[in-house]
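No hydrogens, no waters, no symmetry mates; every other heavy atom, side chains included, goes into these values.
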Amino acid sequence: MKEVFLSYGVTPERAEICSDVLIEADKRGIDSHGLGRLKPIYCDRMDDGILWPEKPIDIITESETTALVDGNLGLGLYIGPHCMQMAIDKAKKYGV
C-alpha cells in the first residue's frame, strides 16, 4: 500500500503514515476507514485533482494550548496524526 502512495508523489515518511492509518483502521475493525478507502477516496480524488498527495501543513494561528491548522487539501491520513501529535505535545507541556 505504501507503494501506491509513493507512486502519487507522497514522501516516504508520509506514505508510511498513510499506510499505517488505513491498516490500523482495518485491524480495529473500522472497515469504513481502512484499506477499502484507498482507491475510491484517496486515489480517485488525487486523480481528479481534488486532493493533493503532498501539501504543506500550515499553522494559521497558535496559542500555548491550541492551533488552527490548514492542511491545504492534502491527505488527512498524514495531516490528522500531525495535528494529534501537536495536541498531545501541547497538553503535556501545559497540563491540559
Side-chain angles (χ1 to χ4, degrees):
M1 181 179 340
K2 179 179 176 181
E3 290 76 23
V4 173
F5 288 112
L6 290 171
S7 74
Y8 277 92
V10 178
T11 62
E13 179 184 357
R14 288 179 171 180
E16 184 75 29
I17 293 167
C18 291
S19 299
D20 287 348
V21 168
L22 293 178
I23 291 167
E24 284 300 315
D26 277 348
K27 286 170 58 176
R28 292 179 181 193
I30 309 168
D31 298 334
S32 61
H33 284 72
L35 179 58
R37 293 175 67 90
L38 181 60
K39 186 198 178 306
I41 300 297
Y42 300 108
C43 293
D44 288 354
R45 289 181 182 179
M46 285 188 284
D47 289 338
D48 292 340
I50 57 175
L51 187 62
W52 298 94
E54 192 61 31
K55 286 290 193 170
I57 301 170
D58 295 328
I59 309 300
I60 306 303
T61 59
E62 185 173 19
S63 74
E64 293 176 342
T65 56
T66 65
L68 175 60
V69 180
D70 184 348
N72 294 294
L73 298 176
L75 293 167
L77 295 168
Y78 68 76
I79 297 165
H82 176 85
C83 294
M84 181 57 69
Q85 190 59 56
M86 283 182 64
I88 291 167
D89 293 345
K90 287 175 177 293
K92 284 180 179 178
K93 185 172 181 178
Y94 295 104
V96 175

Kindly indicate whether the side chain of [X], heavy atoms from C-beta on, has any atom under 4.5 Å from the side chain of [Y].
{"X": "Leu75", "Y": "Val10", "value": "yes"}
{"X": "Asp58", "Y": "Asn72", "value": "yes"}
{"X": "Phe5", "Y": "Leu77", "value": "yes"}

With rounding to the nearest 0.5 angstrom, report the [atom1] to [atom2] distance, [X] to [Y].
{"X": "Tyr8", "Y": "Tyr42", "atom1": "OH", "atom2": "OH", "value": "13.5 Å"}
{"X": "Leu22", "Y": "Ile17", "atom1": "CG", "atom2": "CD1", "value": "12.5 Å"}
{"X": "Asp70", "Y": "Ile79", "atom1": "CG", "atom2": "CD1", "value": "8.0 Å"}
{"X": "Met46", "Y": "Glu54", "atom1": "CE", "atom2": "CD", "value": "10.5 Å"}
{"X": "Ile41", "Y": "His33", "atom1": "CD1", "atom2": "NE2", "value": "8.5 Å"}
{"X": "Tyr78", "Y": "Cys83", "atom1": "OH", "atom2": "SG", "value": "10.5 Å"}

Side-chain heavy atoms under 4.5 Å apart, restricted to Ile/Leu/Val/Met/Phe/Trp/Tyr: what other residues fall into the cluster of Trp52, or is it alone?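 For the cluster that includes Trp52, the remaining residues are Leu73.
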Other than Ile60, which residues form its hydrophobic cluster under the rule that side-chain heavy atoms must be closer than 4.5 Å?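 In the cluster with Ile60 are Leu68.
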Quick one: side chain to side chain contact (heavy atoms under 4.5 Å, CB included) partners of [X], sequence neighbours excluded?
{"X": "Lys93", "value": "none"}
{"X": "Gln85", "value": "Ile88, Asp89"}
{"X": "Pro12", "value": "Leu6"}
{"X": "Glu62", "value": "Ile59, Ala67, Met86, Lys90"}

Nearest heavy-atom pair of [X] and [Y]: which atoms, and what distance?
{"X": "Val4", "Y": "Cys43", "value": "CG1-SG, 3.6 Å"}
{"X": "Gly76", "Y": "Pro81", "value": "O-CD, 3.8 Å"}
{"X": "Ser19", "Y": "Met1", "value": "OG-C, 3.7 Å"}

